[in-house]
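These numbers come from the heavy atoms of this one structure, side chains and all, not from hydrogens, waters or symmetry mates. Letters go in sequence order (proteins before strands), and every chain restarts at 1.
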Amino acid sequence: MLLNQFLLLSAVLFCLGVYGVLARKNGMLVLMSVELILNAVNINLVAFGAFRADVGGSVFALFTIAVAAAEVGIGLAIVLLMYRNRRSIDLTQADLLKG
Amino acid sequence: MFPHLAAGAVSEVSTVTNEANWLLENAWLIALLPAISFVLILFFGKKMPFKGAEFGITAVSISFILAILTGAAWMDHRDNFTLDTYGEKAAVLVDDGTGSAVDNVTLAAGTAAEAAGGDGQAYVAVQKTTQWLQSGGVEFNAGIMVDGLSVMMLFVVTMISLLVHIYSTDYVGGDRRYTHFFAFLSLFTSSMLFFVLSDNILQMIVGWELVGVCSFALIGHWWEEKPNSDAALKAFITNRVGDVGLLVGMITLFFAAGKGMTFDTITINENILQGGVSHTALVVAAACLTIAVMSKSGQFVLHTWLPDAMAGPTPVSALIHAATMVVAGIYMVARLFPVFWEGMQIDGSSINFLATVGAVTLVGAGLLAFVQDDIKKVLAYSTVSQLGYMAMALGVGAWTAAVFHLFTHAFFKANLFLGSGSVAHAVHSFDMKKDMGGMRKFMPKTYVTFVIGSLALAGLFPLAGFWSKDEILVNTGGWGILGGSGSAPGSYTFHFVMGMIGAALTAAYMTRCVYLTFHGEYRGGHHDDHAEDHADDHGHHGEPHESGPRILYPLYILSAFSILVGFANLPPGFLTGSKKDPAGWQERFLHFIEPAGSSYFPAVGHATPSWWLAIVASLVAVAGAGAAFTYYFVKVDRLAQRTGEHLVGLPNGVTTTNALARAGHKLLVNKYYLDHLYTGIIAGGTKGPIAKAAYWVNQNVLDGTVDGAGRTAVQSGKLVYEKIDQGVVDGAINASGRTSDAIGEELRHINTGRVQNYAAIMFAGAAILAGAFVLLLAL
Amino acid sequence: MQLLAQVSSETDLYVAQNIFFAVIAGTMIYAAFRVVTTANVVHAALWLVVVLAGVAVQFLFLGAEFVAVTQVLVYIGAVIVLFLFGVMLTRASMGDDETVAGEKRAMAAIVGVLLFAVMAVALVDSFEDTRVDIDGPQGVVEVSDAIFSQYIVPFEAVSVLLLAALIGAIVVARKD
């Protein structure tokens, strides 16, 4: 199998994830898109690990999974807090930074 | 002398399992005990009859006794230990080699003892290391390194800490956070001991940060008042600036001198001295570490936190901000001296960064001490100034002189701080001008100890300060006119002159301080409101009165030390003995403390002391004291008696008559505007540079235009003037306003406040940059 | 990869494996596309399951069995459930009120395509026909050995991170 088939699949997933993060206005959907990005990264890590016959790729993929779990936990907590404060999780309304 | 070593490398490290004295190998106990006390106080302190103070005092007492015993053991080790004795065993055990990686004692030995030290005895540091963890081939060790320097610090820290503990039971008695206070005293003592015992730079960083945290907690002890918590924050944040230097410096050292393999202090020092370490890297490391010293040891221009740190309780000021923590920077330089020795090329030079920072601090802070009304701030600036002495001494290569000054200074400065606390305890204020004066009558015992401390600080013969200060001046090597520089490492004339000026200043501001506090008439009112947080058991306050025994005895002990410790390092030519004769009195400190001839210490030259220099330096100090004495004790006192007023200065003094002096005074009162620079310009500038710039344009450029228009209008006549003025001026202002408004309006479209838009811009930017990179690589 | 027979040993090409890969990859891309376009939040979560399962299969292709199992356990087992809880708690719209402005979608699409173009060019340019040779599955033993020796420090750091995240999530989300 070619290395590139995994890498390109990962690139497609990554870009779809980026699209989702940028285009979605529902906070939950943005979090899901972030998961897509993280998974794309994992495929990359494992593919390079297999390519180099090094177990490090798998180890770091596992670390990424752990970090992703933490990220979802915190992200959902923030979304919940936002919902409680604004009765909405529409990110386009969260524009306090507006200049 | 040691054929098995001399054949190969001069600085070979021989690994021996266990041959040093038990006390030297187990010096970590000294640091551990206060740490245990900290935990006990936190958990059980409030339930104990003395609210936790007993834990702290017991632990520190035992530590103190252990420190004395360790000191004695070290002296024995220094005099009687040679590698000959242990050479055979070393060979055997190295062959054996098993299991020694986990727990061993390394004796770093030098064979160049006779060449450099002339003692005929190798200087052998005791190092005991345990591997903590290992990652990627790098070992992270935890260990202790015991040599003269750390033994001396153990003694100083435990002794002053013990006295401060005792003193505090009275001073902060009844405080609402009494237990926490003692908990942090314990933790601080432990951290400092941990720091001085570190055998690797990683551990030093940990200790360095730990003392910083304790300092933060103790400065903000009475955090309910805004200035106190501000002062604590200021200390913490200013130290962060220096920590950047510390981290960068230590990382540089790790890779350059530790070869990316070891954090071990001795190995790093040895690698540097053997050469082969990039000089550029050492320059960077030395400069970065100097910045760390500037923040921790209060050197110009990062000293501003130290006077503010006086917001903490006085025992804390004595312990942390005079005697122990602030010397952490000095200690670090002393420990990693080869870095500076090679990096700054101290030997044979006449100027370098560290020495100049020290010299400027020495005089700059000495001047600041003159304009302080708060007795603790006088002492704080005095501390800054004396730390400048030490940094300067290290910078000019006078290692032993710097460490000796650290040693003597700890005692007399702790004495002065505790004395000021004793006075403040009586009058419930630190303001010398408003609430003190004439305290001699009320507190004769405190007065005597304070004067002894002042004389020692001023460096008058034969008190402690005289000997150490003289040694620093001698070793600057910049005093050719007074009898030659001996074999001092360099010839630092500028620093010598600054040292002399500093000596005069020190004597003068201490005279002022003593007069304002203890002489003249009592200016304090009768305090009816005891709203102070540290209100004590003194309910009655007709007049101030002498403090209790728990405050006075520490003062007596410290006064005795202030008089006596100078004799620890008598220069050659005094009393009996010599370097060759260990039984004598001369240069004992140098003999036991300086690792001369060891593989991790450079061959530092020592200047020959000169009678002329000692006399001139004393005269300079006396002149400084005399000038202040004439002003306060003679002129002001006489005027006060004639007019019957309570005076703190002459009404028509030089600051009121001379514009230049007044400007200087203003500069000093504003502390060289450094605080304005930091909070106003740097912090404020970062906060709103654009707003400020726009405001500036508005004020200067636009107003200038307006003015010009106005002047033209005046010439056109009154009637027209009014119209044009109104029309043009308002028009110009409105137009300028509208223009900037329009620009802002356009720009704010980018600032939608929506995170996703920002993210889109970021991603697009990253993609474009990556694309450019790919293209560049493809080309 | 015992389940896939080697068809031609001369070219070292696993035809069946590649067909299988193409099917899985196609499914994943379609599912991922649905995740980022569907208007219904619950549907999006379910499509996400498909993608995550596909990723687990990719890990199997690459011989990383342990990672694949962890992927199924942690992601499909825990993270998706968390998402569904989140959907319920926020009463996020189940219907199709996902009215994204065309402008914003276009912007995101441009950025996405740009990113993909850069990555595709870079990848094709640098790896061309590089092969991955998988001799067999990576044992759990090897992975755990690596984690607890060479990577022990990051492992400890991750444990601290999880603790911090736990406390952080409670602090952020609790009612007070």
Novice: Could I get the full list of side chain to side chain contact (heavy atoms under 4.5 Å, CB included) partners for I29(C), not counting sequence neighbours?
Specialist: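 Listed in chain order: L9(A), V12(A), L16(A).
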Novice: Side chain, backbone, both or neither: which part of A45(C) has an atom under 4.5 Å from a heavy atom of chain A?
Specialist: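 Both backbone and side chain.
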Novice: Taking all atoms of both residues into account, what is the closest heavy-atom pair of R34(C) and R24(A), and its distance?
Specialist: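 The answer is O-NH2, 4.4 Å.
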Novice: Could you look at Q138(C) and say if it's the side chain, the backbone, both or neither that has a heavy atom under 4.5 Å from chain A?
Specialist: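 Side chain only.
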Novice: Answer with side chain, backbone, both or neither: which region of L123(C) has an atom nearer than 4.5 Å to a non-hydrogen atom of chain A?
Specialist: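 For L123(C), the contact with chain A is made by backbone and side chain together.
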Novice: With a 4.5 angstrom heavy-atom cut-off, is it the side chain or the backbone of V35(C) that approaches chain A, or both, or neither?
Specialist: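 Both parts, backbone and side chain.
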Novice: Run the ring-centre check on F116(C) versus F14(A) and record whether the distance is less than 6.0 Å.
Specialist: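 No: the rings miss the under 6.0 Å criterion.
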Novice: Which atoms of V172(C) are under 4.5 Å from chain A, going by heavy atoms: the side chain, the backbone, both sets, or neither?
Specialist: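 Backbone plus side chain of V172(C), per the 4.5 Å heavy-atom cut-off to chain A.
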Novice: So which part of V158(C) gets closer than 4.5 Å to some heavy atom of chain A, the side chain, the backbone, both or neither?
Specialist: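 Answer is side chain: those atoms of V158(C) sit under 4.5 Å from chain A.
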Novice: Partners of F155(C) by ring pair (Phe, Tyr, Trp, His ring centres under 6.0 Å), sequence neighbours excluded?
Specialist: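 By the ring pair (Phe, Tyr, Trp, His ring centres under 6.0 Å) rule, F155(C) matches F148(C).
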Novice: Side chains of N39(A) and Q71(C) only: does a donor on one sit below 3.5 Å from an acceptor on the other?
Specialist: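 Their side chains do contain a donor-acceptor pair, which is all the 3.5 Å distance test asks for.
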Novice: V67(A), L36(A), V30(A), V79(A): which one forms the most heavy-atom pairs within less than 4.5 Å of chain C?
Specialist: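 Highest number of pairs under 4.5 Å: L36(A).
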Novice: Give, as side chain, backbone, both or neither, the part of V67(C) having an atom under 4.5 angstrom from any heavy atom of chain A.
Specialist: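 When you check distances to chain A, atoms from both the backbone and side chain of V67(C) fall under 4.5 Å.
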Novice: Relative to chain C, which segment of L13(A) carries a heavy atom at a distance below 4.5 Å: side chain, backbone, both, or neither?
Specialist: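 L13(A) touches chain C through side-chain heavy atoms alone.
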